Amino acid sequence: MFNINQMTRKNIRDLIPYSSARNEFSGLANIWLDANENPNDTQLNRYPDPYQKDLKKLISDWKELKTNQVFIGNGSDEIIDLLFRAFCEPQEDKAFIFPPTYGMYEVSAQINNVEIVKLPLNKDFQLPTFKEIENDIKSGGLLFICSPNNPTGNVFPLEEVKRIADNFYGVVVLDEAYIDFSASESGMSILDSTPNLVVLQTMSKAFGLAGLRVGMAYANPEIIAVLNKIKPPYNVNTLSQTEMLNALNNRDGVARQVKQIVEEREALVAELKDMRSVKKIFPSEANFILVEFEEADKVMDVLRKQGIIIRDKSKEVEGALRLTIGTTQQNKILLETLKNI
Ligand SMILES: *Cc1c(COP(=O)(O)O)cnc(C)c1O
């Protein structure tokens, strides 16, 4: 059933990609006169490795994949855009989302002139049953599942993700930006058995490197090859590649921080539970919580006056605000301010 040529946009399938200097020759040499670089050493006078070979070696060892199952983007947001360009024929294919969810899917669809089909989550923020959406998702294109979901914080069962993917004639994107904060199993475990699945992860959240702009896509080699074909040649810059190598060689600190953030999350939930201004706290497996307040506007205002900025999600979920988990000290100030409302 999986047929990369039928899923790929025709112009992309037929595209002869740009071939950069570092693509045409990447071996050892003494004198580099092929890329019109400035020969004087500034540490950054040379173009970066277009295929990030050293990084992919480390990442594939870490994730137990082959290097040709790994794609690195200038943040996950670049990868989302590339997926649209690769797998959605504008005004023909569709993109399916389960709102409330991450806003970039819809914006990226609009930028690429692709129609969005919204299949809302149910009251408990769970996916609609397969029977309920079976007919809606008959056409191809892209389908996004964000788990843990932003902004609701919950995860979706992998069996349901798999069932949808197995019956979708297009590419299913499982966005796992927050998976490190979750006790649930990653979709990486169904990657080999699900050829049309792309798992997105990022350095922006658990790794504390949002400024680096590095996101990863894991998928079967045929999908990765299409992304490689259309990406800007030097999409991950030298500084980001170097810093990410360092980060991957120092992963212990990340695990400690994740553990601490999760503990802080649970402590925050416990404190918020008893507050009069709080109506409902949605269970979260991420580094944020979605909270329904009696008077959300007032809470936003009071916090802002104290210099505390949270995210207003009341347009998507009535009365709901999204709070990112801060340090112990930050959370303490947040709680004190909320108690005074
Ligand atoms: C934060 C976030 C990302 C990360 O995007 P980057 O471009 O990698 O920083 C991806 N998906 C979701 C749902 C997010 O909330």
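No hydrogens, no waters, no symmetry mates; every other heavy atom, side chains included, goes into these values. Treat the numbers as computed from the prediction; the structure is a model and nothing was measured. For ligands, and for the atoms within them, numbers begin at 1 and follow the listed sequence.
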Kindly state whether the ring of [X] and the ring of [Y] have centres lying under 6.0 angstrom apart.
X	Y	value
Phe96	Phe144	no
Tyr234	Tyr18	no
Phe181	Phe288	no

Review point. Is the shortest distance from a heavy atom of Cys146 to ligand 1 less than 4.0 Å?
Key: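 Contact present.
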Exercise for review: Tell me which part of Glu78 gets within contact of ligand 1: side chain, backbone, both or neither, using heavy atoms under 4.0 Å.
Suggested key: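 Near ligand 1, Glu78 shows nothing, with every heavy atom at 4.0 Å or more.
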Check your understanding: Counting only heavy atoms, which portion of Asp77 has something under 4.0 Å from ligand 1: side chain, backbone, both, or neither?
Key ->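 The answer is both, backbone and side chain.
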**Study point:** Close N or O approach (Tyr105, ligand 1; < 3.5 Å)
**Key:**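 Between Tyr105 and ligand 1 (N or O atoms, distance only) the closest approach is not under 3.5 Å.
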Can you sort out which atoms of ligand 1 are near [X], meaning under 4.0 Å from one of its heavy atoms?
X	value
Gly75	7 (O), 8 (O)
Ala177	2 (C), 3 (C), 10 (C), 11 (N), 12 (C), 14 (C)
Ser204	6 (P), 8 (O), 9 (O)
Arg213	6 (P), 7 (O), 9 (O)

Exercise for review: Please name the pair of heavy atoms, one in Ile12 and one in Lys229, separated by the smallest distance, quoted to 0.1 Å.
Suggested key: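 Nearest pair, atom of Ile12 first, then Lys229: O-NZ, 2.8 Å.
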**Study point:** Residue, atom name and distance, where the atom is the protein heavy atom closest to atom 11 (N) of ligand 1
**Key:**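 Of every protein heavy atom, Asp175 OD2, 2.7 Å lies nearest to atom 11 (N) of ligand 1.
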Practice item. Return the residue, atom name and 0.1 Å-rounded distance of the protein heavy atom closest to atom 15 (O) of ligand 1. Key: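 Answer, as residue, atom name and distance: Tyr178 OH, 2.6 Å.
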Point to revise | Row check, Tyr51 ring normal vs Lys231 NZ/CZ: under 6.0 Å, within 45° | key: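 Pair Lys231/Tyr51 counts as cation-pi.
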Practice item. Could you note down all residue pairs passing salt bridge (charged side-chain N to carboxylate O under 4.0 Å, His left out) where residues 281-305 supplies at least one of them, sequence neighbours left out? Key: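 Pairs touching residues 281-305 that pass the test: Lys279-Glu292.
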Check your understanding: Do Glu336 and Lys339 sit within salt-bridge range, that is, some charged N less than 4.0 Å from a carboxylate O?
Key ->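 Judged by the 4.0 Å cut-off on N to carboxylate O distance, Glu336 and Lys339 do not form a salt bridge.
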**Study point:** Closest to atom 2 (C) of ligand 1 (judged by heavy-atom distance), picking from Lys205, Glu176, Met216
**Key:**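 Looking at heavy atoms only, the winner is Lys205.
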Exercise for review: Could you list the residues that satisfy side chain to side chain donor-acceptor pair (under 3.5 Å) with Glu263, not counting sequence neighbours?
Suggested key: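 Checked Glu263 against side chain to side chain donor-acceptor pair (under 3.5 Å); matches are Lys259.
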